[in-house]
Amino acid sequence: MLRFLLHRLLIVPLALSLRFGAAFEYYTFDGPGFPSCYNVSKVYNATSVDDMASAVKAAVQAGSRVRASGKGHSWYDTQCSDDWTVLIRTEDVHGIYNFSLPEGASSGSVVFDAGVTFFQLAEYLHNRGASVGYTLTNWNISFGGSIAMGAHRSSLREDSMVAAGALALDIIDGYGNIRHIERDNANDQWLAASTSLGLLGIIARIKLQIYPDTKVYAKQDILDESAVLNGDIYGMIAPYATANFWWWPYKKKFHHRYYDVVASDSTAQQGFQNTFSVTALEGNTARTLLDSGKYLATSNMLAEEVFFGIWSKPNFHEKTNNTEIKDWPVYGWNYDVLIGGLYPDQLPEWDYDLHGLTLELAFPVTMANKMLKRVRTLFDAELSEGTIMASTYRSGINIKFGKPYYDLLGQVTYNTSDGADWSKGAIMFDFPSYRPTIGDHKRFNEAFYPKLAQTLINEFPCRPHWTKNSRQVLTWAVKNLDLDHLRRFKAVREQFDPNGVYRSVVGEILGVY
Ligand SMILES: Cc1cc2nc3c(=O)[nH]c(=O)nc-3n(C[C@H](O)[C@H](O)[C@H](O)COP(=O)(O)OP(=O)(O)OC[C@H]3O[C@@H](n4cnc5c(N)ncnc54)[C@H](O)[C@@H]3O)c2cc1C
Ligand SMILES: *[C@@H]1O[C@H](CO)[C@@H](O)[C@H](O)[C@H]1NC(C)=O
Ligand SMILES: *[C@@H]1O[C@H](CO)[C@@H](O)[C@H](O)[C@H]1NC(C)=O
Ligand SMILES: *[C@@H]1O[C@H](CO)[C@@H](O)[C@H](O)[C@H]1NC(C)=O
Ligand SMILES: *[C@@H]1O[C@H](CO)[C@@H](O)[C@H](O)[C@H]1NC(C)=O
Ligand SMILES: *[C@@H]1O[C@H](CO)[C@@H](O)[C@H](O)[C@H]1NC(C)=O
Ligand SMILES: *[C@@H]1O[C@H](CO)[C@@H](O)[C@H](O)[C@H]1NC(C)=O
């Protein structure tokens with residue numbers, strides 16, 4: 001027995017390490033305990049596009065799979081397959097080239113490497129009087145990772161899928177060769193590359209549409225739940241450049257946030273938004289309260305009350321001197337107001353050990369009222385059993401929207417065989433919830449969350465966000481996807497990566513292998 005164990009412990013790992021080194025877990029932005037991949041043999045810090053291509057060739061030679069790694073801003077263990085994988089980090093591949101926005105033109109373009117983040121590009125563009133408009137996600141996230149996974153902001157009026165801003169992509173295929181592909185809706189290669197899930201290869205360079213920089217305002221109202229559930233939801237979102245709701249289910253309130261352009265010379269204010277940074281006191285207080293909410297509904301009710309109060313005030317500082325802005329509307333430069341970043345003296349909430357789980361599904365916006373009312377009946381059903389549910393996230397339940405954008409696997413595509421009307425756009429139900437740091441880490445009334453997901457997936461033609469759902473939710477959701485889109489995607493995947501070098505759990509669940 002002992003000899004057998006020694007054999008297992010010493011010989012086998014040695015054999016593996018000769019080929020790939022010992023495999024280890026890789027983590028999301030949340031850090032240890034939050035794996036994105038289980039079987040990583042190597043993390044390679046690439047320094048250029050050509051360097052990434054060579055690294056792919058070397059990994060293929062060694063018989064390993066490959067995935068790109070951006071900023072780790074995802075939630076679940078779905079980045080890789082469960083087989084040996086080399087991760088190629090794009091963080092140090094961040095050149096920006098060929099800026100072009102002629103005087104007086106309504107749009108232009110810029111080319112940059114995959115690892116460029118939203119705030120890096122925003123700073124570069126702002127210094128040259130330009131912005132990316134509304135095709136945004138968040139500050140410290142790479143464009144490569146966002147386009148790969150179909151990430152988006154919230155708008156029915158403007159394109160807000162990041163991919164919708166892309167004019168061309170350079171992709172390193174499964175042989176380590178760089179392929180250039182231009183926007184062309186008649187070409188399935190483009191329609192697959194537009195939301196590729198990283199399965200065609202590493203997005204290495206992006207040519208993106210840009211616009212003259214603008215100032216914008218941000219305004220927020222508080223609405224009763226019934227005003228939204230029974231209201232003209234489309235009419236409350238579509239007029240604005242970008243708009244969303246935050247739902248507070250225990251308080252039965254919504255925040256309605258909306259943004260639009262103002263003349264640049266109309267205001268001197270330079271508002272800078274913060275969605276994720278908190279002070280040490282706030283972070284530690286929230287963690288203590290939310291951990292007790294693992295067992296006590298009253299703690300979650302109190303947390304929702306406190307978060308609602310904080311979120312009612314502008315989450316903006318004046319950029320020039322970091323002072324709090326107290327009144328709506330807030331004005332400032334496009335990127336600073338729409339996204340912003342961290343305040344200089346604060347840290348993101350996860351640095352105080354505040355972590356979440358999430359779920360995001362997209363529905364035809366024509367079903368918005370029906371969907372939200374269905375969620376309400378599910379909350380009420382818990383209540384009738386004596387369990388009060390509350391939002392345990394600092395900004396409530398995020399309700400976003402998406403203008404239709406055609407590709408094969410995007411959340412807001414249309415013309416699908418489900419027969420649903422996606423032509424008016426989509427509403428996304430994005431439900432982050434606190435993951436306790438204590439005990440088994442299960443949430444308060446844990447069983448509610450899968451029940452909610454399964455009910456929505458079974459009753460509505462909804463589609464998953466590709467980095468905000470667990471393996472289980474993705475597996476349930478596949479039945480709602482268009483089989484013809486999946487077939488066409490698989491055909492392109494076989495052209496770019498016939499040997500499945502870039503295979504991931506998401507791709508496996510979709511059945512494109
Ligand atoms: C705080 C926070 C806020 C967020 N806000 C939004 C939001 O508003 N809207 C939204 O839609 N999403 C949002 N997200 C999700 C986020 O946009 C996606 O998870 C995105 O894929 C993360 O990009 P990343 O650079 O961090 O990549 P990673 O997390 O490192 O990778 C994500 C996936 O993309 C693949 N990938 C990364 N780079 C490339 C590349 N160059 N080529 C091919 N594949 C690649 C990886 O292999 C992996 O499968 C948010 C996430 C967090 C944590
Ligand atoms: C790669 O970069 C990361 C982040 O800067 C660093 O922590 C890591 O040590 C680097 N890896 C190597 C092998 O240099
Ligand atoms: C890692 O991948 C290898 C090769 O596919 C496999 O033999 C091994 O079981 C995997 N290990 C884990 C922890 O999944
Ligand atoms: C920049 O533009 C030049 C001229 O059109 C072109 O040759 C070059 O490839 C472009 N660079 C990138 C990184 O796209
Ligand atoms: C962005 O993320 C990196 C880790 O990838 C971190 O070191 C850095 O502090 C972050 N920057 C900001 C401004 O959040
Ligand atoms: C910060 O800047 C704003 C805008 O310029 C100004 O109105 C405000 O008085 C400043 N506050 C402090 C404390 O300097
Ligand atoms: C929508 O589907 C029809 C029938 O399959 C097809 O002819 C048409 O080109 C599709 N439209 C788009 C935008 O793909």
Side-chain angles (χ1 to χ4, degrees), residues 8-9 11-29 31-32 35-55 58-73 77-102 108-117 120-121 124 128 140-145 165-172 178-183 202-210 471 499-505 507-508 513:
R8 299 282 296 198
L9 287 171
I11 311 300
V12 176
L14 185 64
L16 299 190
S17 65
L18 285 177
R19 255 176 95 207
F20 297 118
F24 52 91
E25 280 188 1
Y26 195 71
Y27 308 122
T28 70
F29 73 116
S36 62
C37 304
Y38 294 110
N39 207 342
V40 174
S41 57
K42 184 174 177 174
V43 181
Y44 181 71
N45 289 338
T47 54
S48 69
V49 170
D50 288 341
D51 187 34
M52 291 200 287
S54 315
V60 169
Q61 197 82 54
S64 181
R65 294 203 167 129
V66 177
R67 289 292 297 180
S69 173
K71 287 294 199 166
H73 274 52
D77 53 355
T78 55
Q79 175 170 6
C80 299
S81 69
D82 291 335
D83 297 311
W84 282 309
T85 302
V86 170
L87 288 180
I88 298 187
R89 284 181 78 244
T90 61
E91 189 164 327
D92 301 333
V93 188
H94 54 216
I96 303 179
Y97 323 87
N98 287 7
F99 172 86
S100 166
L101 182 63
S109 65
V110 66
V111 178
F112 53 88
D113 298 337
V116 169
T117 61
Q120 286 167 351
L121 188 66
Y124 177 97
R128 291 160 180 79
N140 206 0
I141 297 180
S142 76
F143 270 90
L167 300 170
L169 298 171
D170 285 355
I171 296 182
I172 303 173
I178 301 173
R179 300 196 189 201
H180 180 77
I181 167 154
E182 307 247 334
R183 171 171 294 281
I202 301 178
I203 297 171
R205 264 190 223 103
I206 297 152
K207 182 177 182 186
L208 198 81
Q209 189 145 23
I210 56 171
R471 292 182 179 201
N499 301 319
V501 169
Y502 296 105
R503 186 174 168 133
S504 73
V505 165
E508 288 169 354
Y513 290 93

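Remember, it's 1-based here, ligands and their atoms both numbered in the order they're listed. Residue indices begin at 1 and follow the sequence shown.
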* Asked: Between I206 and G144, which heavy-atom pair has the shortest distance, and what is it?
  -> CD1-N, 3.9 Å

* To do: Classify the contact between E91 and ligand 2 as side chain, backbone, both or neither, using a heavy-atom distance cut-off of under 4.0 Å.
  => neither

* Structure fact -> Taking every heavy atom of S142 against every heavy atom of G115, the minimum-distance pair comes out as CB-O, 4.0 Å

* **Qualifying residues under salt bridge (charged side-chain N to carboxylate O under 4.0 Å, His left out), relative to R128, sequence neighbours excluded** => none

* Asked: I88 pairs by side chain to side chain contact (heavy atoms under 4.5 Å, CB included) with which of D51, V43, V66?
  -> V66

* Between N45 (side chain) and R89 (backbone), is there a donor-acceptor pair under 3.5 Å? -> no

* For K207, check salt bridge (charged side-chain N to carboxylate O under 4.0 Å, His left out) against everything at least two apart and list the hits. => none

* To do: Give the numbers and elements of all ligand 4 atoms closer than 4.0 Å to a heavy atom of Y97.
  => 13 (C)

* Asked: Only one of L87, V505, N39, V86 clears side chain to side chain contact (heavy atoms under 4.5 Å, CB included) with C80; which?
  -> L87

* Structure fact -> In chain-and-number order, ligand 3 lies under 4.0 Å from a heavy atom of each of N39, D82, D83, W84

* Does D92 reach ligand 2 with a nitrogen or oxygen that is under 3.5 Å from one of the ligand's nitrogen or oxygen atoms? -> no

* Structure fact -> In ligand 2, the atoms that come under 4.0 Å of a heavy atom of R89 are 1 (C), 2 (O), 3 (C), 4 (C)

* Structure fact -> Sorted by chain and residue number, the ring-ring contact (aromatic ring centres under 6.0 Å, His included) partners of F29 (sequence neighbours excluded) come out as H73, W75, W350

